[in-house]
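Working notes, structure below.
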Protein chains: 2
Amino acid sequence: MTVQQRKERDRAARHRLILATARELAEAEGWDAVTTRRLAGRIEYSQPVLYSHFGGKDEIVSAVALEGAAELTEAVHRAVHAAVPDASGTAAVRALATAYLDWARENPAVYDAIFSMSTGLRFADEATPAPLRAAFEALDEVFARVAGSADSGTLTEVAWATLHGLVTLTRAGRLPAEYAPARLEVLVDRLVGAAG
Amino acid sequence: MTVQQRKERDRAARHRLILATARELAEAEGWDAVTTRRLAGRIEYSQPVLYSHFGGKDEIVSAVALEGAAELTEAVHRAVHAAVPDASGTAAVRALATAYLDWARENPAVYDAIFSMSTGLRFADEATPAPLRAAFEALDEVFARVAGSADSGTLTEVAWATLHGLVTLTRAGRLPAEYAPARLEVLVDRLVGAAG
DNA sequence: CACGTTTTCTAGCGGCGCTAGACATGCGAG
DNA sequence: CTCGCATGTCTAGCGCCGCTAGAAAACGTG
């Protein structure tokens with residue numbers, strides 16, 4: 001079985017190499033630059049090898065997105081738990097929002113992969129992959145504390161929309177960058193509401 | 001001069017035909033289906049004619065986006081002024097949000113053209129086209145009423161981000177459609193804050 | 001070492017955005 | 001009314017895309 005095990009291990013390594021290279025290339029030059037030809041060239045294999053690992057380019061993007069979702073979740077989770085062990089709702093929301101916006105700013109291509117390109121990845125659905133569910137729960141954990149009379153899941157959805165909107169509008173150059181801190185404060189203030 | 005005038009008129013008509021056809025095709029089958037070949041076929045001219053009107057496909061998308069921005073602005077403006085002559089801030093915000101979300105739902109392709117595809121169209125910049133400035137001002141007019149101690153422009157930006165986030169997350173299947181009304185109420189409640 | 005399986009590559013399909021150069025059209029002058 | 005020319009339009013093609021069939025190579029097994 002050693003032979004087959006080695007093959008599987010090598011294949012898994014190449015699988016990871018493809019994803020890491022795709023992500024690298026996307027962050028460096030944008031997803032438009034991630035063509036199957038260029039990606040194949042980078043990993044020093046021919047195009048069909050990519051298709052032996054993934055059903056197509058969309059699947060590669062989705063795989064990068066899924067990894068990224070787990071990372072984003074982890075970043076938010078850590079920020080909330082590390083920085084504010086049992087702080088106020090306001091502080092928790094601020095920590096969450098900061099971590100979310102920071103991660104999106106530092107990983108724009110992966111963020112796009114998660115939210116703009118992976119049209120096949122569903123949320124709030126029986127087929128929703130675990131990392132996406134976990135991401136929502138990481139947000140909900142914080143917003144449940146400031147939901148007041150509102151349904152916490154619904155508030156989380158609205159809050160998430162606000163964060164996501166800030167990310168996309170900022171990146172598109174629609175919002176002046178210098179007021180980002182002011183927007184953060186307004187966001188925290190309004191989302192926390194009277195429960196702060 | 002009659003000859004030249006006629007030519008200009010015909011050219012302007014064809015210009016509009018291109019934009020209307022592009023928009024139609026995009027709404028019917030998505031922007032991926034709007035190829036220069038298909039678009040040229042629909043208007044019954046060859047591809048180079050498109051390039052005599054626009055610098056490239058991006059310019060066509062941007063032109064559709066600009067028209068759409070004016071429409072969206074008009075829809076929001078009308079909803080706010082017609083439905084609530086001098087109603088509460090809450091009612092005004094609800095009317096605005098409803099109009100915005102409705103328009104986005106009914107014109108998904110144009111909405112994408114405005115916010116996801118026209119990377120060249122800048123906001124909050126000296127080169128910002130008038131329709132985009134007007135859109136922001138239509139929102140700001142309402143949110144200034146409920147800004148309280150916050151800077152109204154900043155609140156408008158955050159509110160806009162929330163609306164935009166709801167649009168994109170909903171369309172990507174990230175938010176369950178059946179709770180859209182609940183999200184609207186939470187959005188209104190939180191954005192209006194204590195100034196309601 | 002030779003065979004058969006598995007893996008990888010070469011080459012090509014149809015379609016994309018875009019453009020150079022051939023061709024047609026229609027105006028104004030004689 | 002006709003001709004020459006400018007303007008407008010089309011044909012054909014470039015380099016690239018995602019993707020794949022079939023040839024070629026590599027490798028484990030008897």
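The chains referred to below are lettered A, B, ... by the order of the sequence lines, with proteins before strands, and numbering in each begins at 1. No experiment lies behind these values; they were computed from the predicted model shown.
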Report the distance from atom [atom1] of [X] to atom [atom2] of [N], rounded to the nearest whole Å.
X: B/His53; N: D/dT9; atom1: NE2; atom2: C1'; value: 11 Å
X: A/Ile18; N: C/dT8; atom1: CD1; atom2: P; value: 10 Å
X: B/Glu44; N: D/dC10; atom1: CD; atom2: P; value: 11 Å
X: B/Ile43; N: D/dT9; atom1: CD1; atom2: C1'; value: 12 Å
X: B/Asp10; N: C/dT25; atom1: CG; atom2: C1'; value: 14 Å
X: B/Tyr45; N: D/dG8; atom1: OH; atom2: P; value: 12 Å
X: B/Trp31; N: C/dG17; atom1: CH2; atom2: P; value: 12 Å
X: A/Arg38; N: D/dG15; atom1: CZ; atom2: P; value: 18 Å

Per-nucleotide protein contact string for nucleotides 19-30 of chain D, where B marks a base within reach and S marks sugar-phosphate only (heavy atoms under 4.0 Å, - for neither): BBB------S--
Residue-phosphate contact under 4.0 Å: A/Arg14 side-chain N/O, C/dT8 OP1/OP2: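 Indeed, a polar side-chain atom of A/Arg14 lies that close.
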N or O in side chain of B/Ser46 less than 4.0 angstrom from D/dT9 OP1/OP2: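 Checking D/dT9 against B/Ser46, no side-chain N or O comes under 4.0 Å of OP1 or OP2.
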Salt-bridge criterion met for A/Arg105 and A/Asp102 (N-O under 4.0 Å):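 Yes, this pair counts.
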A/Glu74 and A/Arg78 ion-paired at < 4.0 Å: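 A salt bridge is present here (some side-chain N lies under 4.0 Å from a carboxylate O).
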Aromatic ring pairing A/Trp160/A/Phe136, orientation class (parallel under 30°, perpendicular over 60°, tilted between):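 Answer is perpendicular, since the angle exceeds 60°.
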B/Tyr111 and B/Trp103 aromatic ring geometry - parallel, tilted or perpendicular at 30°/60° bounds: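 Judged by the thresholds at 30° and 60°, the geometry between B/Trp103 and B/Tyr111 is tilted.
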Taking every non-hydrogen atom, the tightest pair across A/Tyr179 and B/Glu157: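 For A/Tyr179 versus B/Glu157, the nearest heavy atoms are CB-OE1, 4.4 Å.
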Where B/Gly68 and B/Ile114 come nearest, the two heavy atoms and their spacing: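 So the two residues come closest at C-CD1, 3.7 Å.
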Secondary-structure stems, DNA chain C, at least 3 Watson-Crick or G-U base pairs under 3.5 Å: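 The stems are C:1-30 with D:1-30.
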Working for side-chain contact (heavy atoms from CB on, under 4.5 Å), residues A/Thr162 and A/Arg190: CA-CA 11 Å; A/Thr162 307; A/Arg190 297 283 161 151; over 6 Å; no
Expected output: side-chain B/Ser52 to main-chain B/Val49 donor-acceptor under 3.5 Å: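 Yes: the side chain of B/Ser52 pairs with the backbone of B/Val49.
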B/Asp151 side-chain N/O to B/Thr154 backbone N/O, donor-acceptor pair under 3.5 Å: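 At least one qualifying donor-acceptor pair exists.
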